[in-house]
K.L.:
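Structure provided below as structure tokens; questions to follow.
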Amino acid sequence: MSRYKSFVTIEKLTDHIGETVTLNGWVYDKTEKGKLAFIKLRDGSGIVQGVVFRPNVGDEVFGRAQELTQESSVSITGTVRAEQRAPGGVEVDVADIVIHQISRDYPITPKEHGVEFLMEHRHLWLRSTRQHAIMRVRATVIKAIRDFFDGNGFRLMDSPIFTPNACEGTSTLFETDYFDLGKAYLTQSGQLYAEASAMALGRVYTFGPTFRAEKSKTRRHLTEFWMVEPEMAYFDLNDDMDLAEDLVEYIVQTVLETNERELRALERDITKLEKVRRPFHRISYTEAVDWLRANNIKLNRKQADGTEIQIDFPWGEDFGAPQEEAIMTQFEKPCIIHRYPSEVKAFYMKRDPENPKTVLAMDMLAPEGAGEIIGGSQREDNHDALLERLRHENLPEDAFQWYLDLRKFGSVPHSGFGLGVERTVKWITGAEHIREVIPFPRMIYRIVP
RNA sequence: UCCGCAGUAGCUCAGCUGGUUAGAGCAUCUGACUGUUAAUCAGAGGGUCCGGGGUUCAAGUCCCUGCUGCGGAGCCA
């Protein structure tokens with residue numbers, strides 16, 4: 001028995017059939033039928049129906065049941081009974097009711113609402129069954145990630161959130177004043193620091209929030225999201241891809257084991273998740289381009305006069321969402337696309353010795369239209385090659401001195417990747433929009449609540 | 001930043017070619033009911049038609065403009 005407060009939760013009610021318990025929670029819904037009142041109570045762990053029968057409890061307790069409104073806080077004492085008709089298999093025959101607070105005019109009714117309205121009430125929306133289920137899956141995903149790395153010889157090495165410069169040089173970052181040192185930026189990736197950490201501890205991962213100031217208005221983007229980034233000394237691209245597959249398989253299978261009830265509440269097609277077993281698909285960028293051309297998937301290209309034309313997909317162009325979606329229609333499992341053209345990828349990625357026009361990069365795309373969940377690469381470990389790439393991208397050499405140092409003092413082949421937590425949870429839960437899978441989403445036009 | 005869509009009751013929406021006092025379902029409140037699961041039945045209350053300007057005898061409806069939100073592109077996890 002723990003020293004801190006503990007009481008019976010709805011989640012565990014099947015262990016208490018026949019016993020009298022007190023449940024502490026909130027009224028999810030109530031309906032009355034003459035001398036009968038049905039109170040659906042939620043307590044954060046689940047929902048159970050309490051049955052109040054006037055002749056059994058007397059007028060006073062029944063009057064309290066009648067007084068209850070949606071989301072009123074209440075403690076209910078009663079006997080747990082197995083009940084076939086109940087969704088969770090049990091019901092509570094109520095003997096006593098203690099009202100803590102009566103809620104008035106709760107805005108979210110058990111009816112349809114638009115997304116805009118629900119987002120305005122995100123602080124309350126989290127109480128609804130669907131959001132509750134998503135948040136529990138999210139918690140599992142995060143725990144699975146940490147268990148996976150902690151159990152495989154990795155050490156957690158947090159990266160700073162304030163950074164002096166853009167990590168990849170290209171993205172738009174959030175800017176802030178930093179005392180007398182000028183501007184600081186909110187990190188878009190902990191990777192460069194993870195590389196330094198990997199040279200110190202071998203296998204590391206960073207796990208934290210990440211910020212992008214791009215004005216992305218899609219259901220795949222947030223301005224603030226969580227990313228886990230493993231970085232491994234002495235790993236090449238193939239090792240990197242093997243690790244990424246193992247991680248994703250572990251996450252999905254752990255959710256299947258842990259959150260069956262939640263996935264059912266979300267009406268997720270579990271058979272699709274059961275298929276997420278190694279090996280995943282792997283194709284090179286060049287093979288993917290060949291496939292696009294063979295299947296006549298065109299690229300919309302804007303011309304100087306503003307009109308759009310459709311052209312055959314040119315080798316060297318980066319894939320957009322339409323191309324990625326088309327490629328994934330052939331697969332039921334995630335697919336890794338590797339060896340992209342160097343021009344479309346970040347400066348720190350290592351050139352493919354077998355084809356210097358490409359880099360040893362890889363992206364993992366999830367099926368069912370979920371899109372990119374992982375981006376990674378083998379890193380450039382040669383000092384001069386990295387310096388040349390820095391200069392080519394016009395990045396400030398001074399700011400990257402410490403990063404270049406890693407190639408001067410015991411440089412080794414190393415690799416890593418970043419996995420987007422929200423993208424992964426969106427895929428696993430089948431959520432329509434990424435804003436549903438983080439408790440308080442930050443998007444370009446929303447910072448409240 | 002670009003392209004498209006939307007804003008009418010607490011919520012989700014309808015409102016045709018501009019024409020009487022702006023409608024429905026749900027929610028709320030009152031009453032009935034011992035098995036409800038989005039209960040049902042009877043009744044009641046509830047409106048700055050996003051803001052501003054214009055056209056017209058007449059504007060929720062047409063025009064201009066602003067605001068807010070949504071989706072997509074680009075960028076990426």
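Numbers restart at 1 for each chain; the letters A, B, ... are given by sequence-line order, proteins then strands.
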K.L.:
Does a nitrogen or oxygen in the side chain of Lys215(A) sit under 4.0 Å from OP1 or OP2 of U1(B)?
P.N.:
yes

K.L.:
Quote, to the nearest angstrom, the C1' distance that separates C49(B) from C13(B).
P.N.:
13 Å

K.L.:
With heavy atoms under 4.0 Å as the rule, sort Gly371(A) into base, sugar-phosphate or nothing.
P.N.:
nothing

K.L.:
Once you round to the nearest 0.5 Å, how far does CG of Leu419(A) lie from CD1 of Ile373(A)?
P.N.:
5.5 Å

K.L.:
In whole Å, what is the span from the CD atom of Glu67(A) to the P atom of U30(B)?
P.N.:
11 Å

K.L.:
Could you go through nucleotides 40-47 of chain B and list every protein N or O atom that sits under 3.5 Å from one of its N or O atoms, giving the distance for each pair?
P.N.:
none

K.L.:
Can you find an N or O donor on one side and an acceptor on the other, under 3.5 Å apart, linking the side chain of Arg423(A) with the base of C76(B)?
P.N.:
yes

K.L.:
Both distances below 3.5 Å, Watson-Crick or wobble geometry, any strand: find the nucleotide opposite C76(B).
P.N.:
none

K.L.:
Say you pick atom C1' in C50(B) and the same atom in C67(B); how far apart are they, in whole Å?
P.N.:
8 Å

K.L.:
Base, sugar-phosphate alone, or nothing: which one does Leu222(A) contact when heavy atoms must sit under 4.0 Å apart?
P.N.:
base

K.L.:
Using a cut-off of 4.0 Å on non-hydrogen atoms, how would the nucleic acid contact of Asp29(A) be classed: base, sugar-phosphate, or nothing?
P.N.:
sugar-phosphate

K.L.:
For Arg435(A) and Arg85(A), find the nucleotide of RNA chain B closest to each by heavy atoms; which residue's nucleotide sits nearer the 5' end?
P.N.:
Arg85(A)

K.L.:
Write down the distance separating the C1' atoms in G46(B) and U28(B), rounded off to the nearest Å.
P.N.:
9 Å

K.L.:
Let me know, please, whether Gln70(A) or Glu120(A) comes out on the 5' side of the other along RNA chain B by nearest nucleotide.
P.N.:
Gln70(A)

K.L.:
Under 4.0 Å, heavy atoms only, any strand: does Glu324(A) hit a base, just the sugar-phosphate, or nothing?
P.N.:
nothing

K.L.:
Using 30° and 60° as the class limits, which term best fits the ring planes of Tyr403(A) and Phe400(A): parallel, tilted or perpendicular?
P.N.:
perpendicular

K.L.:
Base, sugar-phosphate alone, or nothing: which one does His121(A) contact when heavy atoms must sit under 4.0 Å apart?
P.N.:
nothing

K.L.:
Between Phe280(A) and Glu249(A), which heavy-atom pair has the shortest distance, and what is it?
P.N.:
CZ-N, 4.0 Å

K.L.:
Rounded to the nearest angstrom, tell me the gap between atom CG in Asp318(A) and atom P in C76(B).
P.N.:
6 Å

K.L.:
I'd like to know if Glu422(A) pairs up with Lys426(A) as an ion pair, taking the criterion as any Lys NZ or Arg NE/NH1/NH2 lying under 4.0 Å from an Asp or Glu carboxylate oxygen.
P.N.:
no

K.L.:
Establish, from distance only, whether the side-chain atoms of Ser342(A) and Arg351(A) form a donor-acceptor pair under 3.5 Å.
P.N.:
yes

K.L.:
OP1, OP2 of G10(B) versus side-chain N and O of Arg104(A): anything below 4.0 Å?
P.N.:
no

K.L.:
Between Arg64(A) and Asp96(A), does any NZ, NE, NH1 or NH2 come within less than 4.0 Å of an OD or OE carboxylate oxygen?
P.N.:
yes

K.L.:
Could you list, one pair per line, each protein nitrogen or oxygen that sits under 3.5 Å from a nitrogen or oxygen of nucleotides 11-13 of chain B, together with the distance?
P.N.:
unit_1: C11(B); atom_1: O2'; unit_2: Glu112(A); atom_2: O; d: 2.8
unit_1: C11(B); atom_1: O2'; unit_2: His113(A); atom_2: ND1; d: 2.8
unit_1: U12(B); atom_1: OP1; unit_2: Gly114(A); atom_2: N; d: 3.0
unit_1: U12(B); atom_1: O2'; unit_2: Glu112(A); atom_2: OE1; d: 3.3

K.L.:
Under 3.5 Å for both donor-acceptor distances, Watson-Crick or wobble: does C5(B) have a partner, and if so which one?
P.N.:
G69(B)

K.L.:
Nearest whole angstrom, please: distance from the C1' of C76(B) to the CD1 of Ile434(A).
P.N.:
11 Å

K.L.:
Scan Arg423(A), Arg435(A), Arg212(A), Met443(A) and name whichever one has a side chain to side chain contact (heavy atoms under 4.5 Å, CB included) with His221(A).
P.N.:
Arg423(A)

K.L.:
Do the side-chain N and O atoms of Gln191(A) and Tyr348(A) include a donor-acceptor pair separated by under 3.5 angstrom?
P.N.:
yes

K.L.:
Please determine, for U30(B), whether a Watson-Crick or G-U wobble partner exists with both distances under 3.5 Å, and give it or none.
P.N.:
A42(B)

K.L.:
Using atom C1' in both nucleotides, what's the gap between G45(B) and A27(B) to the nearest angstrom?
P.N.:
13 Å

K.L.:
Starting at CG of Leu299(A) and ending at C1' of A73(B), how long is that distance when rounded to a whole Å?
P.N.:
12 Å

K.L.:
Rounded to whole angstrom, note down the C1' distance from U8(B) over to A77(B).
P.N.:
40 Å

K.L.:
Taking pairing as Watson-Crick or G-U wobble with both contacts under 3.5 Å, can you name the mate of G25(B), or confirm there isn't one?
P.N.:
C11(B)

K.L.:
What class does the angle between the rings of Tyr340(A) and Phe319(A) fall in, given that below 30° is parallel, 30 to 60° is tilted and above 60° is perpendicular?
P.N.:
perpendicular

K.L.:
Excluding sequence neighbours, so at least two apart, what forms salt bridge (charged side-chain N to carboxylate O under 4.0 Å, His left out) with Asp150(A)?
P.N.:
none

K.L.:
Any chance you could lay out the ring-ring contact (aromatic ring centres under 6.0 Å, His included) test for Phe148(A) and Phe154(A), step after step, and finish with the verdict?
P.N.:
CA-CA 9 Å; Phe148(A) 177 86; Phe154(A) 286 73; 7.2 Å; no

K.L.:
Is Glu436(A) salt-bridged to Arg130(A), cutoff N-O under 4.0 Å?
P.N.:
yes

K.L.:
For A39(B), take OP1 and OP2 only and decide whether either is under 4.0 Å from a side-chain N or O of Lys33(A).
P.N.:
no

K.L.:
Side-chain N or O of Arg219(A) versus OP1/OP2 of G72(B): is the shortest distance under 4.0 Å?
P.N.:
yes

K.L.:
Need one value for Ala86(A): base, sugar-phosphate or nothing, where a base atom within 4.0 Å counts as base even if backbone is also close, heavy atoms only.
P.N.:
nothing

K.L.:
Pick the C1' atom in U61(B) and in U40(B), then give their distance to the nearest Å.
P.N.:
38 Å

K.L.:
Measure the spacing between CD of Glu245(A) and CZ of Arg282(A) and express it to the nearest 0.5 Å.
P.N.:
4.0 Å

K.L.:
Quick check on contacts: within residues 36-55 of chain A, what sits under 4.0 Å from RNA chain B by heavy-atom distance?
P.N.:
Leu36(A), Phe38(A), Lys40(A), Gln49(A), Phe53(A)

K.L.:
Return the residues of residues 132-152 of chain A meeting this criterion: a heavy atom under 4.0 Å from some atom of RNA chain B. Order them by number, or give none.
P.N.:
none

K.L.:
For Lys333(A), look at atom NZ and say whether over 12 heavy atoms of other residues, nucleotides or ligands are found less than 6.0 Å away.
P.N.:
yes

K.L.:
What is the distance from CE of Met119(A) to C1' of G7(B), rounded to the nearest Å?
P.N.:
19 Å

K.L.:
Whole angstrom is fine here: how far is it from CD in Glu91(A) over to C1' in U34(B)?
P.N.:
13 Å

K.L.:
From CD of Gln323(A) over to P of G74(B), roughly how many Å is that when rounded to an integer?
P.N.:
7 Å

K.L.:
My understanding is that a pair needs two contacts under 3.5 Å, Watson-Crick or G-U wobble. By that rule, which nucleotide pairs with U20(B)?
P.N.:
none

K.L.:
With rounding to the closest Å, how many angstrom separate the P atoms on U65(B) and C2(B)?
P.N.:
15 Å

K.L.:
Could I get the full list of side-chain hydrogen bond (donor to acceptor under 3.5 Å, both in side chains) partners for Asp236(A), not counting sequence neighbours?
P.N.:
none

K.L.:
What's the spacing between Leu256(A) CG and Ile270(A) CD1 if we round to 0.5 Å?
P.N.:
6.5 Å

K.L.:
How far, in whole Å, is U1(B) from G23(B) if one measures between their P atoms?
P.N.:
42 Å

K.L.:
The side chain of Thr31(A) is closest to which nucleotide in this list: C76(B), G74(B), U36(B)?
P.N.:
U36(B)

K.L.:
Checking base pairs now: Watson-Crick or wobble, both atom distances under 3.5 Å. What partners G60(B)?
P.N.:
none

K.L.:
Within a radius of less than 6.0 Å around CZ of Phe53(A), do more than 12 heavy atoms belonging to other residues, nucleotides or ligands occur?
P.N.:
yes

